[in-house]
S.K.: 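Take this structure, written in structure tokens, and hold onto it; I'll ask about it next.
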Amino acid sequence: MQSCLRALRELRQPFTLTLPVLVLLPLPLVVRSKEANFGFIVMLMAVYWSTEVLPPPVIAIFPVVLFPMFGIMTSKEVCKQYMKDTSMLFLGGLMVAVAVETCNLHKRIALRALLLIGVRPALLMMGFMGVTAFFSMWISDTATTAMMAPIAQAVLDQLSTTATQLGDPEPGHGQTAGDQELEEKDATDEGIQPALISPVVQTQDADVELRVSVVPHSDEQSEQQRLRKMLSLCVCYSASIGGTATLIGTGPNQVLKVMFSQIFPDNGDVINFASWFGFSFPNMLIMLTCCWLWLHLLFLGVNFRRVRSCRRADSPREQAAYGIIQGEYRKLGLMSFAEKLVLSLVILLVTLWFTREPGFVPGWGSLFNIEGEKFVSNATVVMFITVLMFIMPSHRPRFKGWVWNKAMEAEPGSDSEERKDHRSGRLLDWKEVQRKLPWNVVLLLGGGFALAKGCEVSGLHLWLGRQLLPLKNLPPWSMVALLCLVISIFTECSSNAGTATLFLPILASMAVMSKLNPLYILIPGTVSNSFAFMLPVATPPNAIIFSYGHLRVTDMVKAGFVLNLIGVVSVTLAINTWGRAMFHLDTFPTWANISRSL
């Protein structure tokens, strides 16, 4: 029997590779059209992405092989899709993130924020969520989770160790002092020695012994488990939510930017860094607040008095947790020259992004416009900052005459040994970039862009858009809510960028045919791609947190299902309130009239 099971396991991968091909191949063989050929490729890639039978970046290069074979696009046209302006924007953002990680600036900000907020369970969760969401706005949600998860685990381990050393639960979480005195009095009346009640109670009645000594310990363990689950989930959930606030925060936002410019070339750059931030940042804050409330209700109950109580002293466990965070912060010493310089460049980068095309006033980008053509984009800005990071020194330079001495100068009060990561003496080192940069993301984005172009060339998006036309009979808000719910369910089984690549061209065609402003459907549809909260395999942050072993799949499903619904409601309300005013969604714009090109 075991040999049979072993043989089946060995055949699982070949079987998973060949079965979808055999099942889907009749479609292009029977129908014989570009739409059918492209539909076969899309469904095959979707199945492979869902089962992860191959690495996702390998699946992303399928269009380079299959599009020319099936006569959809030439190889030259397909390969152009793999390095666009948005790919350079995302690549530059990743390199800036490497500089932030190399100088430990991210850890300093995270620990400092936790020290300011406090370590009571509810406040601790609030601190982790706020810091994680902030970093996820600028660096990948995977890197953010990988950074915050060890800090959360160290705090949880310290809380657990301190609770074990203390033995009895703190007041308010188990027995109170009054309850213990009453039990001692009752035990004395029954002939039990008070000194033997805790930690071991010697009594002839086994039920009394179980009630007095075992139950508090069991309650303490249960509380520790709930706290571990709560903090673990809040890190991965806030990483996914925080990425929705900026165009560079997550893959689906990048996919929207490229596809929108590709499908509607005359849109006037209506989706830029400032406009997206203006819409998505308030929605992110609402979702973070709702997520905090839901996790608090799920794991801590409805008692919010400890959050607003300022007079109550921290318990020994909370003091120990604060101590470990404080100890980690002290290890960093004073801010190094590299940290200060990287922080300044990141602030400059965000400022340039916001002011390039703010929308309500002319931005500095208009200085480079020639004959109506925009020569500067967000990718130009981030690559400018990246080049500066490769040039600027990581240590404070000393000048002797006109010659720069590369020798390191120790800073007052800081560690005499500067960051060992800066071996080249620059803020960014190419070897470090090669080692830390997730290059697979570039291929994933390129594969998504190739699918979008293939969908347009083959005409499949028009066919699918016609099939969805009956939805226009629904009220617009309910249609948006329904589509967001479908996308949030689908993205649980596929990569976020892959889901956006499959759905956004279809939604754009449906909007044009229904004479709706495409942004009314595309923006909430894009944000919904990040609502992958239910399964460990749905997104890398979930998988990272799940790997620590504190969560079961049922825990993530129970918490994530409600959070998915919260996300759909939140983004539907957002697009129908301030989103409607920001993007003038009540009118059908002239740039959306692309029937001539369809």
Side-chain angles (χ1 to χ4, degrees), residues 114 117-133 152-153 155-164 166-180 182-183 210-212 214-238 241 285-322 533-534 542 545-546 548 550-567 569-570:
L114 292 175
I117 292 173
V119 292
R120 296 176 187 174
L123 294 177
L124 193 63
M125 176 172 63
M126 185 185 298
F128 272 109
M129 292 184 70
V131 173
T132 305
Q153 297 308 314
V155 172
L156 287 168
D157 291 341
Q158 184 63 38
L159 287 172
S160 178
T161 302
T162 308
T164 303
L166 292 174
D168 292 332
E170 62 174 296
H173 289 273
Q175 277 186 317
T176 62
D179 292 337
Q180 187 173 358
L182 288 174
E183 283 197 351
L210 182 64
R211 175 175 61 85
V212 176
V214 177
V215 171
H217 178 67
S218 176
D219 289 344
E220 189 68 29
Q221 275 191 330
S222 177
E223 182 186 356
Q224 289 297 317
Q225 290 175 356
R226 291 197 303 271
L227 189 59
R228 284 186 179 274
K229 292 178 181 180
M230 181 184 73
L231 289 185
S232 298
L233 287 173
C234 82
V235 169
C236 62
Y237 288 167
S238 53
I241 295 171
L285 293 180
I286 293 173
M287 282 204 62
L288 274 183
T289 304
C290 292
C291 179
W292 180 82
L293 289 171
W294 165 237
L295 292 179
H296 192 290
L297 290 172
L298 187 61
F299 295 104
L300 298 180
V302 296
N303 186 5
F304 291 91
R305 285 181 297 176
R306 297 188 69 212
V307 179
R308 64 175 185 267
S309 175
C310 300
R311 292 178 297 177
R312 182 185 178 278
D314 290 335
S315 69
R317 288 187 307 157
E318 292 166 353
Q319 292 174 3
Y322 188 87
F533 304 123
M534 290 176 58
N542 293 8
I545 291 298
F546 191 79
Y548 279 87
H550 304 314
L551 294 167
R552 297 175 299 176
V553 176
T554 54
D555 297 324
M556 193 166 279
V557 169
K558 181 168 64 174
F561 176 75
V562 174
L563 197 55
N564 272 10
L565 296 180
I566 291 173
V569 173
S570 176

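Everything numeric here is computed off the predicted structure, so don't read it as measured data.
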S.K.: Using only atom types and a distance under 3.5 Å, with no angle test, would you say the side chain of D555 pairs donor to acceptor with the backbone of R552?
M.R.: yes
S.K.: Calculate, to the nearest 0.5 Å, the distance between atoms CE and OH belonging to M287 and Y237 respectively.
M.R.: 11.0 Å
S.K.: At what distance, to the nearest 0.5 angstrom, does CG of L231 lie from CD1 of I545?
M.R.: 9.5 Å
S.K.: For the side chain of S238 and the backbone of C234, is there at least one donor-acceptor N/O pair under 3.5 Å apart?
M.R.: yes
S.K.: Please report the interatomic distance CG(L293) to CG(L300), rounded to the nearest 0.5 Å.
M.R.: 11.5 Å
S.K.: Say you draw a straight line from OG1 of T289 to CE of M126; how long is it, rounded to the nearest 0.5 Å?
M.R.: 8.0 Å
S.K.: Atom CH2 of W294 and atom CG of L233: how far apart are they, to the nearest 0.5 Å?
M.R.: 11.0 Å
S.K.: With side-chain contact (heavy atoms from CB on, under 4.5 Å) as the test, pick out the partner of C291 among V562, L563, I566.
M.R.: L563
S.K.: First locate atom SG of C236, then atom CG of L551, and finally report the distance between them rounded to the nearest 0.5 Å.
M.R.: 7.0 Å
S.K.: For the residue pair M125 and H296, what are the closest heavy atoms and their distance?
M.R.: CE-N, 3.9 Å
S.K.: Please give me the minimum heavy-atom distance between F299 and K229, naming the atom from each residue.
M.R.: CE2-CB, 3.6 Å
